Peer 1: 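Dumping the structure here so I can ask a few things about it.
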Amino acid sequence: MRQKIVAGNWKMNKTLQEGVELAKNVNDILAKNAPKCTVILGTPFIHLTEVVKTVDSKNIKVAAENCADMASGAYTGEVSAAMVKSTGAQYVILGHSERRTYYGETDAILKEKVDLALANGLLPIFCIGEVLEQREAGKQNEVVKAQVENALFHLSADDFGKIVLAYEPVWAIGTGKTATSAQAEEIHAYIRSVIAAKYGKEVADNTTILYGGSCKASNAKELFAQPDVDGGLIGGASLKAEDFYGIIEAYN
Ligand code: PGA
């Protein structure tokens, strides 16, 4: 079902102790101000178990930022979807542009990760988005369509219904340069039309599509007010409880 979601992506920030403290602070704020959207904390692997224990699962769900493209075995340093699931996390962020760019994650690799996540009962938050040159060449629609098709369109309608999409223009991530609400709406509506063409209108209407890229308290309300923007995936502004709550509050 289409939901409103504000999801944090801590990336490679916070020691275990700092992360638990941040989770506790977000939890305390939400205990007093019940969120009107689904709130997710995306944390490094080592934080997951403690963050799950720290937060009230009624108000906060927990996500990993990645999982392996293999089920188990001799893959030193990797963390499987089953391991993530065993921490109590419910979601996993997959296909973030930093994973694609710095760690060579291709659509084919991401397809494996999506399948393993779903097979292990994790809900993927699947990231797509174009880089600046692609936007300047007017190719953003083509790029996001291919990313969705290549990694997700092998799924049954049932399984596709478990995916949360996050449109994150790479030129807006960590740059302070947000897409305008009109730019976000235009491409979110396009993504929804691509889903409708493959799975039908009902599935498309039920798909949650988040915006990510320099989203903060000051622009969240306008972005989230767009009919096809169902919330945000938040990097920098998820690292302080008050900043993150400022975005969650866009739905209150
Ligand atoms: P940002 O990151 O909010 O710091 O731009 C968003 C993301 O990468 O998910």
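Quick caveat: nothing in here was measured; it's all calculated off a predicted structure. FYI, side chains are in, hydrogens and waters are out, and symmetry mates aren't considered; it's all heavy atoms of this structure.
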Peer 1: Is a side-chain N or O of Lys85 found less than 3.5 angstrom from the main chain of Gly121, in a donor-acceptor match?
Peer 2: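 Indeed, once roles are kept as given, a pair shorter than 3.5 Å links the two residues.
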Peer 1: Do any N or O atoms from the side chain of Gln90 and from the backbone of Leu123 form a donor-acceptor pair under 3.5 angstrom?
Peer 2: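 Judged by distance alone, no pair lies under 3.5 Å.
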Peer 1: Could you grab the distance from atom CG of Asn33 to atom CD1 of Ile248, nearest 0.5 Å is fine?
Peer 2: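 CD1 of Ile248 is found 9.5 Å from CG of Asn33.
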Peer 1: Between Arg192 and Asp228, is the closest basic N to carboxylate O distance under 4.0 Å?
Peer 2: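 Arg192 and Asp228: salt-bridged.
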Peer 1: Are Val62 and Ile40 close enough, and set up right, to give a side-chain contact (heavy atoms from CB on, under 4.5 Å), and what steps lead you there?
Peer 2: CA-CA 5 Å; Val62 180; Ile40 302 173; 6.0 Å; no
Peer 1: Quick one: do Lys113 and Asn66 satisfy side chain to side chain donor-acceptor pair (under 3.5 Å)? Show the steps, please.
Peer 2: CA-CA 9 Å; Lys113 294 190 177 198; Asn66 182 26; 2.8 Å; yes
Peer 1: Could you tell me whether a side-chain N or O of Asn27 sits under 3.5 Å from a main-chain N or O of Ala23, the two making a donor and an acceptor?
Peer 2: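 Checked: no pair found.
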Peer 1: Tell me whether Asn150 contacts the main-chain N or O of Ala146 through its side chain, where contact means a donor paired with an acceptor under 3.5 Å.
Peer 2: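 Yes; at least one donor-acceptor contact below 3.5 Å.
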Peer 1: Could you check whether any side-chain N or O of Asp56 sits under 3.5 Å from a backbone N or O of Lys58, counting only pairs where one atom can act as donor and the other as acceptor?
Peer 2: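 Judged by distance alone, yes, a pair lies under 3.5 Å.
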Peer 1: Mind checking whether Leu132 and Val170 have side chains closer than 4.5 Å, heavy atoms only?
Peer 2: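 A side-chain contact under 4.5 Å is absent here.
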Peer 1: May I ask you to say whether Arg2 pairs ionically with Asp230, meaning some side-chain N is under 4.0 Å from a carboxylate O?
Peer 2: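 Salt bridge: yes.
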Peer 1: Would a line drawn from the ring center of Tyr211 to the ring center of Phe224 be shorter than 6.0 Å?
Peer 2: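 Ring centroids of Tyr211 and Phe224 are no less than 6.0 Å from each other.
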Peer 1: Would you please test Thr208 and Gln3 for side chain to side chain donor-acceptor pair (under 3.5 Å) and show each step?
Peer 2: CA-CA 6 Å; Thr208 303; Gln3 301 178 66; 4.9 Å; no
Peer 1: With a sphere of 6.0 Å drawn around CD of Glu185, does it hold more than 12 non-hydrogen atoms of other residues, nucleotides or ligands?
Peer 2: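 Counting neighbours around CD of Glu185, more than 12 heavy atoms of other residues, nucleotides or ligands fall under 6.0 Å, so yes.
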Peer 1: May I ask you to decide if Leu116's main-chain N or O and Asn120's side chain share a donor-acceptor pair within less than 3.5 Å?
Peer 2: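 It does hold such a pair.
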Peer 1: For Lys145, does the NZ atom have more than 12 heavy-atom neighbours from other residues, nucleotides or ligands under 6.0 Å away?
Peer 2: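 Not more than 12 within 6.0 Å, no.
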Peer 1: Assess whether a salt bridge exists between Arg135 and Glu130, defined as any Lys/Arg side-chain N lying under 4.0 Å from an Asp/Glu carboxylate O.
Peer 2: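 A salt bridge links Arg135 with Glu130.
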Peer 1: Hey, are Lys14 and Glu21 close enough for a salt bridge, meaning a charged N less than 4.0 Å from a carboxylate O?
Peer 2: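 No.
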Peer 1: If you measure from the Lys or Arg side-chain nitrogens to the Asp or Glu carboxylate oxygens, is any gap between Glu142 and Lys139 under 4.0 Å?
Peer 2: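 Result for this pair is no, no salt bridge flagged.
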Peer 1: Take Glu98 and Thr101, measure what side-chain contact (heavy atoms from CB on, under 4.5 Å) needs, and give me the verdict at the end.
Peer 2: CA-CA 5 Å; Glu98 288 147 19; Thr101 306; 6.0 Å; no
Peer 1: Kindly say whether Gly231 contributes a backbone atom to a donor-acceptor pair with the side chain of Tyr251 at under 3.5 angstrom?
Peer 2: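 It does hold such a pair.
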Peer 1: Is it the case that over 12 heavy atoms from other parts of the model lie below 6.0 angstrom from the CD atom of Glu78?
Peer 2: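 Enclosed.
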Peer 1: Would a distance-only check, ignoring hydrogens and angles, find a side-chain to backbone donor-acceptor pair under 3.5 Å from Thr178 to Thr180?
Peer 2: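 Side chain of Thr178 to backbone of Thr180: no pair is present.
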Peer 1: Keeping Asn206 on the side-chain end and Val203 on the backbone end, is there a donor-acceptor pair under 3.5 Å?
Peer 2: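 No; zero donor-acceptor contacts below 3.5 Å.
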Peer 1: Any chance the side chains of Glu105 and His96 put a donor and an acceptor closer than 3.5 Å?
Peer 2: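 No.
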Peer 1: Ion pair present between Asp28 and Lys24, side-chain N to carboxylate O less than 4.0 angstrom?
Peer 2: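 Here Asp28 pairs with Lys24 in a salt bridge, since their nearest N and O are under 4.0 Å apart.
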Peer 1: Kindly determine whether Val92 and Ile125 satisfy side-chain contact (heavy atoms from CB on, under 4.5 Å), including the steps that lead there.
Peer 2: CA-CA 6 Å; Val92 58; Ile125 300 172; over 6 Å; no
Peer 1: Would you kindly confirm whether Ile173 and Phe244 end up in one hydrophobic cluster when ILVMFWY residues are joined by side chain heavy atoms under 4.5 Å apart?
Peer 2: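 Not linked; separate clusters.
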Peer 1: Take atom CD in Glu18; do more than 12 heavy atoms of anything else shown fall under 6.0 Å from it?
Peer 2: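 Yes, enclosed.
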Peer 1: Tell me whether Asp107 is salt-bridged to Arg100, with the criterion being a basic N under 4.0 Å from an acidic carboxylate O.
Peer 2: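 Looking at Asp107 and Arg100, the cut-off is met.
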Peer 1: Kindly work out whether a path of hydrophobic side-chain contacts (I/L/V/M/F/W/Y, heavy atoms less than 4.5 Å apart) joins Tyr91 to Ile247.
Peer 2: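 Looking at the clustering, Ile247 is in a separate group from Tyr91.
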Peer 1: Under a single-linkage definition using a 4.5 Å side-chain heavy-atom cutoff for Ile, Leu, Val, Met, Phe, Trp and Tyr, are Val144 and Tyr199 assigned to the same hydrophobic cluster?
Peer 2: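 Yes, Val144 connects to Tyr199 through the hydrophobic network.
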Peer 1: Transitively linked via ILVMFWY side-chain contacts under 4.5 Å: Val20 with Trp10?
Peer 2: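 No.
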Peer 1: Could you go through Asp243 and Ser238, starting from their C-alpha distance and side-chain angles, then the distance that decides it, and tell me whether this counts as side-chain contact (heavy atoms from CB on, under 4.5 Å)?
Peer 2: CA-CA 7 Å; Asp243 294 352; Ser238 73; over 6 Å; no
Peer 1: Donor-acceptor check, side chain of Lys162 to backbone of Asp158, threshold 3.5 angstrom: yes or no?
Peer 2: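 Not a single qualifying donor-acceptor pair exists.
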Peer 1: Is Val79 reachable from Leu41 through a run of hydrophobic residues whose side-chain heavy atoms are each under 4.5 Å from the next?
Peer 2: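 They do share one cluster, since a chain of ILVMFWY contacts under 4.5 Å joins Leu41 to Val79.
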Peer 1: Does a side-chain heavy-atom distance below 4.5 Å link Ile5 with Cys37?
Peer 2: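 No; the side chains remain at least 4.5 Å from each other.
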Peer 1: Quick check: do Ile234 and Val6 have side-chain heavy atoms less than 4.5 Å from each other?
Peer 2: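 SC-SC contact between Ile234 and Val6 confirmed.
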